[in-house]
Amino acid sequence: QVQLVESGGGLVQPGGSLNLSCAASGSIFSINDMAWYRQAPGKQRELVATIYSGGRPNYADSVTGRFTISRDNANNTVYLKMNSLKVEDTAVYYCTTDARRSSKSIMTHYWGRGTQVTVSS
């Protein structure tokens with residue numbers, strides 16, 4: 001099995017910053033894309049940012065210019081640096097990845113349990 005554990009969430013004032021991280025562990029042969037999603041109360045889960053296996057990032061329009069996604073392939077970790085946070089960024093943030101457990105296994109999508117980010121004055 002592959003486990004994803006997020007950390008770094010918390011309470012921050014509008015305009016502030018937070019850094020999220022997500023480490024993948026377990027039986028891992030290879031990891032493909034990694035991404036962050038978020039879900040606010042009463043809303044559908046939405047894609048925030050993706051970083052492809054080659055390192056190219058992609059962002060939702062709502063966070064472009066404020067959030068930066070990066071990854072450490074040696075440690076199977078993905079990061080999300082969030083600047084200029086707004087009240088509407090408040091949500092539970094989840095990391096996801098597509099990973100293979102062995103050379104013979106299929107690519108499987110995994111989710112972390114999430115970390116709460118609250119932006120409030």
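On a predicted model such as this, the values are computed, not experimentally measured, just so you know. Computation of the quantities below employed the complete heavy-atom set of this structure, encompassing side-chain atoms and omitting hydrogens, waters and symmetry-equivalent molecules.
Shown here for A91 and A40, the closest heavy-atom pair between the two residues is CB-N, 3.8 Å. When every heavy atom of G112 is checked against every heavy atom of Y94, the shortest pair comes out as O-CD2, 3.5 Å. Contact between M82 and Y93 at its shortest, heavy atoms only, is SD-CE2, 3.9 Å. Between V2 and A99 the shortest heavy-atom distance is CG2-CB, 4.4 Å. Here the closest heavy-atom approach between residue V87 and residue P14 is recorded as CG2-CG, 4.1 Å. Of all non-hydrogen atoms in I31 and A24, the two that sit nearest each other are CD1-CB, 3.8 Å.
The backbone N or O of M107 sits nowhere less than 3.5 Å from a side-chain atom of R100 that would complete a donor-acceptor pair. In this structure, the side chain of D89 engages the main chain of K86 through a donor-acceptor pair within 3.5 Å. The main-chain N or O of Q44 is never found under 3.5 Å from a side-chain atom of Q39 such that the two would form a donor-acceptor pair. Looking only at distances, a side-chain donor or acceptor of T97 sits under 3.5 Å from a matching main-chain atom of D33. In this structure a side-chain-to-backbone donor-acceptor pair under 3.5 Å is missing from T68 to K81. For E6 (side chain) and R113 (main-chain N/O), a donor-acceptor pair under 3.5 Å exists by modelled atom type. The closest donor-acceptor contact from the side chain of T115 to the backbone of G9 lies under 3.5 Å.
Inter-residue side-chain proximity for N19 and Y79 is flagged as unmet; no heavy-atom pair is nearer than 4.5 Å. Taking 4.5 Å as the limit, every side-chain heavy atom of M34 sits out of range of all side-chain heavy atoms of T96. Contact check for Q1 versus Y110: side-chain heavy atoms found under the 4.5 Å cut-off. Residues L20 and S7 fail the side-chain proximity criterion, which asks for heavy atoms closer than 4.5 Å. Annotation: side chain of C22 is in contact with side chain of W36 (closest heavy-atom distance under 4.5 Å).
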Please tabulate, one pair per line, all N/O donor-acceptor pairs under 3.5 Å involving side-chain atoms of residues 47-63, not counting sequence neighbours.
{"from": "S53", "atom 1": "OG", "to": "N32", "atom 2": "OD1", "distance (Å)": "3.4"}
{"from": "Y59", "atom 1": "OH", "to": "I69", "atom 2": "N", "distance (Å)": "3.0"}
{"from": "S62", "atom 1": "OG", "to": "R38", "atom 2": "NH2", "distance (Å)": "3.4"}

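Donor-acceptor pairing under 3.5 Å is recorded for the side chains of T118 and Q116.
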Can you list the steps and then say if Y37 with W111 is a ring-ring contact (aromatic ring centres under 6.0 Å, His included)?
CA-CA 10 Å; Y37 284 74; W111 288 84; 4.9 Å; yes
Can you list the steps and then say if D98 with T108 is a side chain to side chain contact (heavy atoms under 4.5 Å, CB included)?
CA-CA 5 Å; D98 295 320; T108 303; over 6 Å; no
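Qualifying side-chain contact (heavy atoms from CB on, under 4.5 Å) partners for A23, counting only residues two or more places apart in sequence or in other chains: T77.
Rounded to the nearest 0.5 angstrom, Q3 CD and S25 OG are separated by 4.5 Å. If you take OG on S102 and CZ on F29, they are separated by 7.5 Å, rounding to the nearest 0.5 Å.
Residues F67 and V12 share a single hydrophobic cluster, defined by chaining ILVMFWY side chains whose heavy atoms lie under 4.5 Å apart.
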